[in-house]
Amino acid sequence: MMPMHSTERVLVTGGAGFVGSHLCDRLIKNGVDVLCVDNFFTGNKANIAHLLGNPLFELKRHDVTFPLYVEVDKIYNLACPASPVHYQHDPVQTTKTSVHGAINMLGLAKRVKACILQASTSEVYGDPEVHPQPEDYSGRVNPIGIRSCYDEGKRCAETLFFDYWRQHNLRIKVIRIFNTYGPRMHPNDGRVVSNFIVQALQGKDITLYGDGQQTRSFCYVDDLVDGMVAMMGTNEHVTGPINVGNPGEVTMRELAELTLKLTGSRSRLTFLPLPQDDPRRRQPDITSAREILGWKPKIDLEDGLKETVAYFKHILEA
Ligand code: NAD
Ligand code: UDP
Ligand code: UDP
């Protein structure tokens, strides 16, 4: 007799977003049955439109702050706006999405005995005094600032994951994602890579916040997806947290100049006030990812930015 389910069923929450849509692509390419759940707050149907006719793909409009009853084998929990502009738009909803969303997805994982991966963030380190950031650094986060809805929401989600693991023996995987960029970033989501590229392509001033000397370390989305799938594939003793990011650290000024070079733009640099609690430095220590996942990023910033510039050129012309 044919088994009821010949392929693995995987739930991706936030699957219509930037990272989630690339993850859905990869899973489907691997022959996996994907259920994409999204409330389209920052996600976009265009990100997954090409998958809609695929028999392995199913889309469900749903807000993870409400319970979800489905039958799946694995869960990637990505639902949460990631750009400061978006997560600060409705901060209470951001915390609810992280915290209630995590409780619901953990409750689901518990009922169906699924393995569940949490897309956590380098924001759990806040404005760090330790550089680069290893996983055992517990961070320096302001609990009452404008970034707290996201940072503390994500920290609480990690707490819930580890308590479900200790209390209910759930199979959990937590990765801490550092700044990721690539095609399908929202052109207006306010993140630095999309802002700079769109400004450069439109000949508008490049907006540097503060003195532009703050740093980030940017990972191309395909590398991140490799890391996510590798993490899900680890044995049940691997819970993380594991940093997934590209250690190549640049200042925002260097990023602006590289963007100008790659777009051939003559936009000028303009300096605007630094937002509250903006971390000064950020760089992942990826020793654990290398040793436990056998993962390291392959795509350097210049190559990844070229792909991203090509994407934005295409959507701005459309
Ligand atoms: P994104 O905003 O493009 O995607 C988030 C998706 O979640 C969107 O499709 C959105 O509509 C959906 N969503 C939001 N609230 C929801 C809710 N209540 N119910 C259902 N769906 C909801 O952001 P992204 O960059 O793709 O980030 C994906 C995940 O990775 C997020 O959890 C984010 O915190 C994490 N992350 C991303 C980065 C990065 O640099 N991109 C860095 C660290 C962590
Ligand atoms: N939940 C869900 N889908 C399920 C099972 C549970 O959305 O398939 C939600 C449920 O609404 C609950 C939460 O997950 O509020 C936590 O579930 P758990 O079983 O851990 O706790 P309890 O039901 O005892 O509150
Ligand atoms: N930033 C900037 N100009 C912009 C958008 C962002 O200089 O138009 C800076 C921002 O202040 C921060 C860095 O770029 O120091 C990364 O910002 P982003 O919002 O992309 O991510 P996060 O701060 O969450 O890492």
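Residues take their numbers from the sequence shown, with the count starting at 1. These figures come from a predicted structure and were not determined experimentally. We count ligands from 1, going down the list as the structure has it; atoms in each ligand are counted the same way.
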With no hydrogens and no angle check, just 3.5 Å: does a side-chain donor-acceptor pair link [X] and [Y]?
X	Y	value
H86	Q88	no
R61	N39	no
D25	H50	yes
T207	Q199	yes
Q133	D285	no
Y69	N104	no

Contact atoms of ligand 3, heavy-atom distance to [X] under 4.0 Å:
X	result
G190	5 (C)
R282	22 (P), 25 (O)
N179	21 (O), 22 (P), 25 (O)
E123	24 (O)
P84	19 (O), 24 (O)
R147	22 (P), 23 (O), 24 (O)
L208	7 (O)

**Study point:** Evaluation steps, salt bridge (charged side-chain N to carboxylate O under 4.0 Å, His left out), between R9 and D73
**Key:** CA-CA 5 Å; R9 298 157 307 176; D73 305 300; 3.1 Å; yes

Practice item. Would you check ligand 2 and list the protein residues that come within less than 4.0 Å of it by any heavy atom, ordered by chain and number? Key: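 Heavy-atom contacts below 4.0 Å: P67, L68, Y69, I103, N104, G107, L108, K110, R111, Y164.
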
Are any of the heavy atoms in [X] under 4.0 Å away from ligand 3?
X	value
G212	no
Q199	no
S83	no

Check your understanding: Using 30° and 60° as the class limits, which term best fits the ring planes of Y125 and Y137: parallel, tilted or perpendicular?
Key ->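 Ring orientation of Y125 relative to Y137: parallel.
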
Under 3.5 Å donor-acceptor, [X] side chain and [Y] backbone:
X	Y	result
T180	F178	yes
T65	H100	no
S98	T95	no

For ligand 3, is any non-hydrogen atom under 4.0 Å from [X]'s backbone (N, CA, C, O), its side chain (CB onward), both, or neither?
X	answer
N195	side chain
T207	both
R253	neither

Practice item. Non-hydrogen atoms closer than 4.0 Å to ligand 1: which protein residues do they belong to? List them by chain and number, please. Key: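 Within the 4.0 Å shell of ligand 1, which is judged on heavy atoms, sit G14, A16, G17, F18, V19, D38, N39, F40, F41, T42, G43, H62, D63, V64, L78, A79, C80, P81, A82, Q93, T97, A119, S120, T121, Y150, K154, I177, N179, T180, R191.
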
Practice item. Determine, for Y164 and K110, whether the Lys NZ or Arg CZ falls below 6.0 Å from the six-membered ring centre while staying within 45 degrees of the axis. Key: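 No, cation not above the ring by the 6.0 Å, 45° rule.
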
Check your understanding: Hey, quick one: are W165 and L108 part of the same hydrophobic cluster, counting side-chain heavy atoms closer than 4.5 Å, chains of contacts allowed?
Key ->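 Per the 4.5 Å side-chain linkage, W165 and L108 are co-clustered.
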
Review point. Do the side chains of L274 and V193 join up, straight or via other hydrophobic residues, at under 4.5 Å, putting them in one cluster?
Key: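 Each belongs to a different hydrophobic cluster.
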
Practice item. Can you spot which of R147, K154, R176 makes a salt bridge (Lys or Arg N to Asp or Glu O under 4.0 Å) with E123? Key: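 Considering R147, K154, R176, a salt bridge (Lys or Arg N to Asp or Glu O under 4.0 Å) with E123 is found only for R147.
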
**Study point:** V193-ligand 3 polar pair, N/O distance under 3.5 Å
**Key:**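 No, no N or O pair falls under 3.5 Å.
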
**Study point:** N or O pair under 3.5 Å between R191 and ligand 3
**Key:**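 In this structure, R191 places no N or O atom under 3.5 Å from an N or O of ligand 3.
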
Point to revise | K298/D226 under salt bridge (charged side-chain N to carboxylate O under 4.0 Å, His left out): CA gap, chis, key distance, verdict | key: CA-CA 10 Å; K298 299 190 194 103; D226 287 344; 3.4 Å; yes

Practice item. For E152 and R155, run salt bridge (charged side-chain N to carboxylate O under 4.0 Å, His left out): C-alpha distance rounded to whole Å, both residues' side-chain angles, the deciding distance at 0.1 Å, then the answer. Key: CA-CA 5 Å; E152 297 290 16; R155 286 167 67 94; 3.4 Å; yes

